[in-house]
Amino acid sequence: MKLLNFGSLNIDLVYRMDHLVRPGETQAAQSFARFPGGKGLNQSVALARAGATVLHAGKVGPDGALLLDTLRDAGADVSPVAVGPEPSGHAVIQVERSGQNSIIIYPGANGCITRAEMDAALAKMDAGDWILLQNEINGIPAIMEKAKARGLKIAFNPAPMDQGVRAYPLELVDLFVVNETEAAALTGLTEEADALAAMERTYPNAIHVVTLGARGSLCSANGQRYTVEAKKVQAVDTTAAGDTYIGYFLALLMEGAPVDVCMETATRASAIAVSRMGAAPSIPLRSEL
Ligand code: RIB
């Protein structure tokens, strides 16, 4: 079984700050670094480092070599990635002392994917394979519909959440992975157990995972609920913690592991990721777990 991750590729411009810049404030950064990132790329790196067979689709510009090399080095197949004239997407990321971040994304090439490029990527997949989507590229509803028509199983991480997501054909989704903010935005319920119950009622055939940062994660699958606590680590940079969790969870699920094992393994991988700087470079190899 293989997985197509149709997702963003960003160059992350990362500024280490005393605290996140407030409105009207000017603050000098303590350090600056440039890392490969993007929720899509990070999740493909996590899948590949977990041992899954992953193809990455998306779009970069003429400046995209770092992004493609990162995916190739991790073991992902980048043949479905299109290259266009628009610059690659980028993110401006502040990381404060606690490891918390704030992120601005500029979509660039991530927002310029054509219907023909969608069809070409999907043509590499067979019925029963998985497709993974986040919300940092254009055309998500069309990709969902085309993927389902090919018989693919759909995993969706609606990040970053926006007003448009609720109008997507979410009834086609087989696996949702959301954080507490996204769960609240999807359901209108701020208590995560209530939000999970509402998601179960609305999409009863899907697996639902709610990640809760330092509080762990919840899952609902096949009529059962699961809870896993987070590992206690010294957070250096929380960027890509959720991406690491998603990649590892799905890789284990594709292997046929029980849901609680998928959660536990994903939790250990993301704990390592938050103890290191950067997005993709912080994602551990399976052997490190
Ligand atoms: O989830 C972390 C990612 O969000 C960063 O790598 C950044 O590029 C944004 O997409």
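Counting starts at 1 for both ligands and their atoms, following the listed order.
- In this structure, atom 3 (C) of ligand 1 lies nearest to the protein heavy atom Asn42 ND2, 3.7 Å.
- Side chains of Asp243 and Gln43: a donor-acceptor N/O pair is present below 3.5 angstrom, by distance only.
- Just one residue in the list Leu55, Thr53, Ile283, Leu132 forms a side chain to side chain contact (heavy atoms under 4.5 Å, CB included) with Leu47, and that residue is Leu132.
- For ligand 1 and Ala279, the ligand atoms under 4.0 Å from any heavy atom of the residue are 6 (O).
- Atoms of ligand 1 lying under 4.0 Å from at least one heavy atom of Ala91, given by number and element, are 7 (C), 8 (O).
- Among all non-hydrogen protein atoms, the one lying nearest atom 7 (C) of ligand 1 is Asp12 OD1, 3.4 Å.
- Residue Ser8 has no nitrogen or oxygen atom sitting less than 3.5 Å from a nitrogen or oxygen atom of ligand 1, judged on distance alone.
- Remark: of the listed residues Ile131, Val173, Asp174, Asp174 is the sole one forming a side chain to side chain contact (heavy atoms under 4.5 Å, CB included) with Lys148.
- Asp243 OD2, 3.4 Å is the protein heavy atom nearest to atom 2 (C) of ligand 1.
- Looking at atom 4 (O) of ligand 1, its nearest protein heavy atom turns out to be Lys39 NZ, 3.1 Å.
- In Leu41, neither the side chain nor the backbone holds a heavy atom less than 4.0 Å from any atom of ligand 1.
- Among the candidates Val78, Val60, Asn42, the single residue satisfying the side chain to side chain contact (heavy atoms under 4.5 Å, CB included) test with Leu9 is Val60.
- Note on ligand 1: Gly38 sits in its first shell, one or more heavy atoms being nearer than 4.0 Å.
- What sits closest to atom 9 (C) of ligand 1 on the protein, heavy atoms only, is Glu136 OE2, 3.6 Å.
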